[in-house]
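In listed order, ligands and their atoms are each counted from 1.
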Amino acid sequence: MTSIEDLETPSLLLDRGRLTHNAARLRGRLAHLGVPLRPHLKTAKSIDVARLVMDRPTGPAMVSTLKEAEVFAHFGLRDLLYAVGVTPSKLDRVAAIRARGVDLCVIVDNLTAARAVAEKARDTGDRIPVLIEIDSDGHRCGVLPSEAALLVEIGRTLHEGGAELRGITTHAGESYACRSIAELEAMAEQERSAAVSCAEILRASGLPSPVVGVGSTPTAHFARDLSGITEVHAGVFMFFDLVMAGLGVCTIDEIALSVLATVVGHRTQKGALFVDAGWMALSRDRGTAGQAADQGYGLVCDINGKPYRDLVVRAANQEHGELGIRAGSDAPLPDLRIGDLVRILPNHACATGAQHDRYHVVDDASSRFVRDVWPRFGGW
Ligand code: PLP
């Protein structure tokens, strides 16, 4: 069996024990609240990971690109939600995926897209299912809950135009900016109540809304009540990352993804060590920059996955990462030699994962053996 010491670096490591634990943790929470999980597979882009986090081999699941929908359809998934507003130019591809027997649902938040989906449904004789995206937190796209007339007009355009109006969806992306558990709980309730009230607006107008979906990893972990919600959407929960740890959603010990890197140089005069993992391997994501603990481009751990005290990737070039002690800390620079290996925990698991084409799967944080190699895909 290959040891991680034999891998070329940088390489992406996936801790299967933590992945399984993280999936069970959210699943258990949601089971307690009585709502099923629709995992967002954009985080993993891997059929092997998908199979570990889904209820069944056929789904349900969520995707962020039509490429993901096509790849996962190829591997037998049949219940997919494409959760980026659909455009008229993408409807041929949507129709082709649906023609393969996949229940691919799309989302819209405007009349142009709603009319295009309805027209495609009439042309193909296939009632394309649609969720109306609402903006529950001012974060991104979506019909505002205050725009009831627009919501109903979009709903009617779909329902009476030949498509299948399936309901409402929202994603509280602003939860990433919460600063306390109380704020996270309040954000989860805001997300829930906005989605439920929009579904009620549709129903009061005689329109169907069997599905009411919400979710982000922070709100999914802090919702205390999900009354009126039929499914929860979450993605980064499977791997977790430093942003989630900074928010208090997970601990550092639950982060399943790390980048294995080799020490390639020293500059002790300025307290720096260099590794062969720069932003190409770690991504440019600086999601912890605004958090209480700025982790630079990643938190550095030893070969066994134990974090060095306050050692972060403080600068990143394309293929160089500069390691240094966090400002204000009196921690010593570890005595790492050229050729020594470290594991770097990512700020944002989706972004770091996207820099790699495979996962090297280890059993647990301290395991040195690569049990499996799982391919990972990209593109649109
Ligand atoms: N729903 C939508 C529309 C999203 O874009 C995302 C992530 O970007 C999610 C759900 C899942 O959020 P998270 O990765 O925080 O679990």
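For atom 11 (C) of ligand 1, the closest heavy atom belonging to the protein is Gly235 N, 3.7 Å. What sits closest to atom 14 (O) of ligand 1 on the protein, heavy atoms only, is Val236 N, 3.2 Å. With hydrogens left out, the protein atom closest to atom 1 (N) of ligand 1 is Met62 CE, 3.3 Å, a heavy atom. Nearest protein neighbour of atom 6 (C) of ligand 1, counting heavy atoms only, is His171 CE1, 3.4 Å.
Residue contacts with ligand 1 do not include Glu133, since none of its heavy atoms lies under 4.0 Å from the ligand.
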Check your understanding: Could you go step by step and tell me if Thr58 and Asp79 meet the side chain to side chain contact (heavy atoms under 4.5 Å, CB included) rule?
Key -> CA-CA 6 Å; Thr58 51; Asp79 178 357; over 6 Å; no

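Between the CE atom of Met244 and the CG atom of Asn347 there is a distance of 11.0 Å, given to the nearest 0.5 Å.
If you chain together hydrophobic residues whose side chains sit under 4.5 Å apart, Leu150 and Leu144 never meet in one group.
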Can you give the donor-acceptor pairs under 3.5 Å from side chains of residues 266-277 to other protein atoms, not counting sequence neighbours?
residue: His266; atom: NE2; partner: Leu336; partner atom: O; Å: 2.6
residue: Asp276; atom: OD1; partner: Thr262; partner atom: N; Å: 2.8
residue: Asp276; atom: OD2; partner: Thr9; partner atom: OG1; Å: 2.5

Which donor-acceptor pairs under 3.5 Å do the side chains of residues 133-141 make with protein atoms, sequence neighbours left out?
residue: Asp135; atom: OD1; partner: Asp137; partner atom: N; Å: 3.2
residue: Asp135; atom: OD1; partner: Gly138; partner atom: N; Å: 2.7
residue: Asp135; atom: OD1; partner: His139; partner atom: N; Å: 3.4
residue: Ser136; atom: OG; partner: Thr170; partner atom: OG1; Å: 2.8
residue: Asp137; atom: OD1; partner: His139; partner atom: N; Å: 3.0
residue: Asp137; atom: OD2; partner: Gly173; partner atom: N; Å: 3.0
residue: Asp137; atom: OD2; partner: Glu174; partner atom: N; Å: 2.8
residue: His139; atom: ND1; partner: Glu174; partner atom: OE2; Å: 3.0

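Set against the non-hydrogen atoms of Thr217, the atoms of ligand 1 under 4.0 Å away are 13 (P), 15 (O), 16 (O).
The backbone N or O of Gly235 sits less than 3.5 Å from a side-chain atom of Thr43, completing a donor-acceptor pair.
For atom 5 (O) of ligand 1, the nearest non-hydrogen atom from the set Arg140, Lys42, His40 belongs to Arg140.
The existence of a salt bridge linking Asp294 and Arg314 is excluded, since no basic side-chain nitrogen approaches an acidic carboxylate oxygen closer than 4.0 Å.
Considering backbone and side-chain N/O atoms, Ala234 never comes within less than 3.5 Å of an N/O atom of ligand 1. For ligand 1, the polar-atom distance check against Tyr176 finds a nitrogen or oxygen pair separated by under 3.5 Å.
Residue-level proximity to ligand 1 for Phe237 is absent, since no heavy atom of it falls below 4.0 angstrom.
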